[in-house]
Colleague: 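Could you have a look at this structure, given as structure tokens, before my questions?
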Number of protein chains: 2
Amino acid sequence: MECAKFESQEHKKEMMAVQDSMDVLNGKWKIPIISSICFYSKRRFSDILNDVAGISNKMLSKELKELEINKLIRRIVLDTQPVTVQYELTEHGKTLQTIINNLTEWGIQHRKEIVGK
Amino acid sequence: MECAKFESQEHKKEMMAVQDSMDVLNGKWKIPIISSICFYSKRRFSDILNDVAGISNKMLSKELKELEINKLIRRIVLDTQPVTVQYELTEHGKTLQTIINNLTEWGIQHRKEIVGK
DNA sequence: CCGTATCCCCGGGGATACTG
DNA sequence: CAGTATCCCCGGGGATACGG
């Protein structure tokens, strides 16, 4: 196989992989929600509602379901009175930690770049 | 300052930073577009249109503008006939490379996790 | 080739109220 | 507290055609 064609195939796979990631992490809220759970290890519904600026309970509920379906988070019901619900990252969800940390660091640098300059 | 409060402040800053990042990288297309340019170093309008599955020219045009405003990419017009336009990452845009690579790798692993399991 | 302009539709998602 | 249910609006974004 010629080299140019090989490279092109390779880049197509990479593009697909990136878009696969973005399909799972789609929308405005997924990353911030995961970040909230990630930073605190365990987090409750109402806590996340406060952490993620601007999200509504309806959206949060929907997004949490999707994240659970994709095996990124786990929902844990504690039988207190009234009921308490904890969310935490699965092992697979924890593989996003690097990305979260990079995005955190990048957000800080970006603010400096745009505002500071 | 007590420790719990300090930690809380710290996490709030982290949450803000993540959301700052997501504001810049918002929507379905920004990351794939940047990825396309990143993988190929330089890339033309119509090439990106092909790389990013499902995007319309209208959207691509809009997104490229926003990325340029945020100093992530640079638009270079070559006076060929007809006109050719190259897009490339700025120095600041290149600081996203780590994140792109992580997302690529993660996309591959995630597919294995969901499909393979 | 690289976009802009227009038209037009539908569903994402906010506000609010309610349940277990 | 942790969601669900309903209503309702508006703007994101596709399709298409056109301009430099």
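Here the structure is a predicted model, which is why all the values come from computation and not from measurement. In what follows, chains carry the letters A, B, and so on, assigned in the order in which the sequence lines appear, proteins first and then strands, with residues in each chain numbered from 1.
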Colleague: When the distance from CG of B/Asp47 to P of C/dC1 is rounded to whole Å, what number comes out?
Modeller: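 To the nearest whole Å, that distance equals 9 Å.
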Colleague: Within less than 4.0 Å of OP1 or OP2 of C/dG3, is there a side-chain N or O belonging to B/Arg75?
Modeller: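 Affirmative; the distance criterion is met.
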Colleague: May I ask you to check whether B/Glu105 and B/Gln109 show a side-chain donor-acceptor distance below 3.5 Å?
Modeller: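 Per modelled atom types, B/Glu105 and B/Gln109 side chains form a pair under 3.5 Å.
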Colleague: Over how many whole Å does the gap from A/Gln81 atom CD to D/dC1 atom P extend?
Modeller: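 Answer to the nearest Å: 13 Å.
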Colleague: Got a salt bridge between B/Lys30 and B/Glu63, using NZ or NE/NH1/NH2 to carboxylate O under 4.0 Å?
Modeller: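 Salt bridge present between B/Lys30 and B/Glu63.
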Colleague: Summarise how protein sits on nucleotides 4-11 of chain C as a single string, 5' to 3': B when a protein heavy atom is under 4.0 Å from the base, S for sugar-phosphate-only contact, - for no contact.
Modeller: B-BB----
Colleague: Between B/His92 and A/His110, is there a side-chain heavy-atom distance shorter than 4.5 Å?
Modeller: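 With C-beta onward as the side chain, the pair touches.
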Colleague: Between CG of A/Asn70 and CG of A/Leu25, what distance do you get to the nearest 0.5 Å?
Modeller: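 One gets 8.5 Å once the value is rounded to the nearest 0.5 Å.
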Colleague: To the nearest Å, give me how far apart CG (A/Asn50) and P (D/dA2) are.
Modeller: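 Nearest whole value for this atom pair: 11 Å.
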Colleague: Rounded to the Å, how far apart are A/Arg43 CZ and D/dC1 P?
Modeller: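 A/Arg43 atom CZ is separated from D/dC1 atom P by 13 Å.
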Colleague: What integer distance in Å separates B/Arg44:CZ from C/dG3:C1'?
Modeller: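 The answer, rounded to whole Å, is 14 Å.
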Colleague: Which of residues 24-33 of chain A have a heavy atom under 4.0 Å from DNA chain D?
Modeller: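 Nothing qualifies; none.
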Colleague: Specify the separation, in whole Å, of atom CD of B/Gln86 and atom P of C/dC2.
Modeller: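 These atoms are roughly 9 Å apart.
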Colleague: Do the non-hydrogen side-chain atoms of A/Trp29 and A/Leu60 ever get within less than 4.5 Å of each other?
Modeller: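 The answer is no; the side chains never approach within 4.5 Å.
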Colleague: Quick check: is A/Leu72 connected to B/Ile108 through a chain of hydrophobic side chains (ILVMFWY, heavy atoms under 4.5 Å apart)?
Modeller: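 No; A/Leu72 is not reachable from B/Ile108 via cluster members.
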Colleague: Looking only at the side chain of A/Ser46 (C-beta and beyond, no hydrogens), which of the listed nucleotides C/dG3, C/dG14, D/dA2 gets closest?
Modeller: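 So the nucleotide nearest the side chain must be D/dA2.
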Colleague: Inspect the contact between A/Lys65 and A/Glu68 and indicate whether a charged nitrogen and a carboxylate oxygen are less than 4.0 angstrom apart.
Modeller: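 Not counted as a salt bridge, because no side-chain N and carboxylate O are separated by less than 4.0 Å.
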Colleague: Hey, does B/Glu14 have a side-chain heavy atom less than 4.5 Å from the side chain of A/Ser35?
Modeller: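 Not in contact.
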Colleague: Can you measure B/Asp79 atom CG to C/dC2 atom P for me and round it to whole angstrom units?
Modeller: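 So the CG-P distance, B/Asp79 to C/dC2, works out to 14 Å.
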Colleague: Does the side chain of A/Thr84 get closer than 4.0 angstrom to OP1 or OP2 of D/dC1 through an N or O atom?
Modeller: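 For D/dC1, neither OP1 nor OP2 has a side-chain N or O of A/Thr84 closer than 4.0 Å.
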Colleague: D/dG13, OP1 or OP2 - any side-chain N/O from B/Ser56 closer than 4.0 Å?
Modeller: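 No, because none of the side-chain N or O atoms of B/Ser56 sits under 4.0 Å from OP1 or OP2 of D/dG13.
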Colleague: Quick one: A/Leu67 CG to D/dG3 C1', roughly how many Å, whole number?
Modeller: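 That distance rounds to 16 Å.
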Colleague: Is the closest side-chain heavy-atom distance between A/Tyr87 and A/Arg75 below 4.5 Å?
Modeller: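 In contact.
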